[in-house]
Amino acid sequence: MSITGILTATLIIGAIGLFIGLFLGAAAIKFKVQVDEKEEAVLAALPGNNCGGCGYPGCSGLAAAIAKGEAAVNACPVGGEAVGKTISGIMGVEAEESVHKVAFVHCKGDCGKTTLDYEYTGIEDCRMLSFVPGGGPKSCNYGCLGFGSCVKVCPFDAIHVENGIAVVDREKCRACGKCVEVCPKNLISLVPYDAKHIVACSSKDKGPVTMKACTTGCIGCGLCKKVCPADAVTIENFHAVIDQDKCTGCGACKEKCPKDAII
């Protein structure tokens, strides 16, 4: 190949490279995505668990919502008050008071307190038991099945099955809500960390039926309601419910409960 040919090819390739470079540079400027500095700062302050407990699709979704003013600065349940204060500083607003919550399993019916209708052998997943007779082998159709669907989804190793029922480690729990969503019996709820008394039962059967199925189930007798000086207890569907906003922690309900269903 002659020198002229080599130079021509070099010039052509160089020209093409220059054109592509200029084209990409212009495209980058024209289609540049504007980055919200506050959004980036908020995202950096979030814990990065991407658990969805805030109701948004991961931490990036929450960061965008906070930056737009569509979500509270303390909306991250995992980060809690500390992260809320950091984000409030970034956004230049005052952080709203937040309540430290933890997951609670409303069931005390472990293997020593409940009866079984049959022995179950199969896939150990609580969600699968909705397809078997009675919704599971335990006589109480409202009780914890104990196969650990909640354990499997917890990103913080805060819940374990002990003697047939799920138990939450309050110190590890970050109130992300994954266990609440996955429980097919709707036994788990988020309660204030400093809650004094909670009904550890979810049965809505009449008293005689509950007593046959579990020795520690709430029978809806109403004694707790009668002795509560703060009017914090109500009976709904043969089941006691404690209003945490009214409860003073006096302990009268627990002392009077004949089934030890309140803890």
Side-chain angles (χ1 to χ4, degrees), residues 77 99-115 126 136 138-151 154 156-177 179-180 182-207 209-263:
V99 178
H100 180 190
K101 292 187 175 183
V102 293
F104 181 82
V105 182
H106 294 267
C107 180
K108 286 181 64 182
D110 60 29
C111 295
K113 298 182 178 70
T114 57
T115 58
C126 302
K138 288 184 177 180
S139 298
C140 177
N141 292 330
Y142 298 92
C144 177
L145 296 167
F147 288 113
S149 293
C150 51
V151 176
C154 178
F156 306 103
D157 190 36
I159 187 165
H160 299 91
V161 174
E162 300 177 6
N163 197 23
I165 60 170
V167 178
V168 176
D169 185 331
R170 287 157 47 87
E171 304 308 320
K172 288 185 177 181
C173 179
R174 293 295 179 269
C176 69
C179 58
V180 177
V182 79
C183 179
K185 298 287 188 178
N186 298 314
L187 287 174
I188 308 175
S189 66
L190 298 180
V191 302
Y193 177 85
D194 58 358
K196 302 298 187 296
H197 295 90
I198 305 176
V199 180
C201 177
S202 295
S203 175
K204 294 178 176 59
D205 285 329
K206 292 183 178 180
V209 177
T210 298
M211 286 192 289
K212 289 181 180 179
C214 180
T215 61
T216 190
C218 175
I219 57 177
C221 64
L223 292 176
C224 51
K225 174 179 170 61
K226 293 177 182 178
V227 299
C228 178
D231 193 30
V233 184
T234 56
I235 305 298
E236 303 173 6
N237 296 319
F238 311 105
H239 173 71
V241 178
I242 298 176
D243 186 334
Q244 295 301 328
D245 292 330
K246 292 182 178 180
C247 179
T248 61
C250 69
C253 58
K254 175 175 172 54
E255 293 177 7
K256 198 67 175 178
C257 180
K259 308 303 291 185
D260 193 30
I262 301 175
I263 65 172

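Only this structure's heavy atoms are used, side chains among them; waters, hydrogens and symmetry mates stay out.
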Criterion side chain to side chain donor-acceptor pair (under 3.5 Å) on His239 and Ser203, from CA distance to verdict = CA-CA 7 Å; His239 173 71; Ser203 175; over 6 Å; no

Would you say Lys256 has more than 12 foreign heavy atoms packed within less than 6.0 Å of its NZ?
-> no

Quick one: are Asp231 and Lys246 in side-chain contact, heavy atoms under 4.5 Å?
-> yes

Hey, does Cys214 have a side-chain heavy atom less than 4.5 Å from the side chain of Ser139?
-> no

Beyond-backbone contact of Asn186 with Ser202, side-chain heavy atoms, under 4.5 angstrom = no

When rounded to the nearest 0.5 angstrom, what is the spacing between NZ in Lys225 and OG1 in Thr234?
-> 6.5 Å

dist Cys179:SG -> Phe104:CZ (nearest 0.5 Å) comes out at 12.0 Å

Side-chain contact, heavy-atom cut-off 4.5 Å: Val168 with His160?
-> no

Would you say the side chain of Ile262 lies within less than 4.5 Å of the side chain of Ile198, judging by non-hydrogen atoms?
-> no

Side chain of Gln244, backbone of His197: donor and acceptor closer than 3.5 Å?
-> yes

Run the numbers on Lys138 and Thr115 for side-chain contact (heavy atoms from CB on, under 4.5 Å), then give the verdict.
-> CA-CA 6 Å; Lys138 288 184 177 180; Thr115 58; over 6 Å; no

Less than 4.5 Å apart, any side-chain heavy atom of Thr210 and any of Cys218?
-> no

Less than 4.5 Å apart, any side-chain heavy atom of Asp205 and any of Tyr142?
-> yes

In Lys101, Glu171, His100, the residue satisfying side chain to side chain donor-acceptor pair (under 3.5 Å) with Tyr193 is Glu171

side-chain contact (heavy atoms from CB on, under 4.5 Å) between Ile263 and Lys108, worked out = CA-CA 9 Å; Ile263 65 172; Lys108 286 181 64 182; 3.7 Å; yes

Please assess Val105 against Val167 for the test side-chain contact (heavy atoms from CB on, under 4.5 Å), listing each intermediate value before the final yes or no.
-> CA-CA 7 Å; Val105 182; Val167 178; over 6 Å; no

Looking only at atom types and distance, does a side-chain atom of Ser149 sit under 3.5 Å from a main-chain N or O of Val182, one as donor and one as acceptor?
-> no

Spacing of Lys254 atom NZ and Cys224 atom SG [to the nearest 0.5 Å] = 12.5 Å

Above 12 or not: heavy atoms from other molecules or residues under 6.0 Å from NZ of Lys226?
-> no

Taking Lys172 for the side chain and Arg170 for the main chain, is one N or O donor matched with an acceptor at less than 3.5 Å?
-> no

Within-4.5 Å side-chain heavy-atom neighbours: Cys253 and Cys228 = no

Trace of the side-chain contact (heavy atoms from CB on, under 4.5 Å) decision for Val199 with Val241 | CA-CA 7 Å; Val199 180; Val241 178; over 6 Å; no

Does Asn141 offer a backbone N or O that forms a donor-acceptor pair with the side chain of Lys185 under 3.5 Å?
-> yes

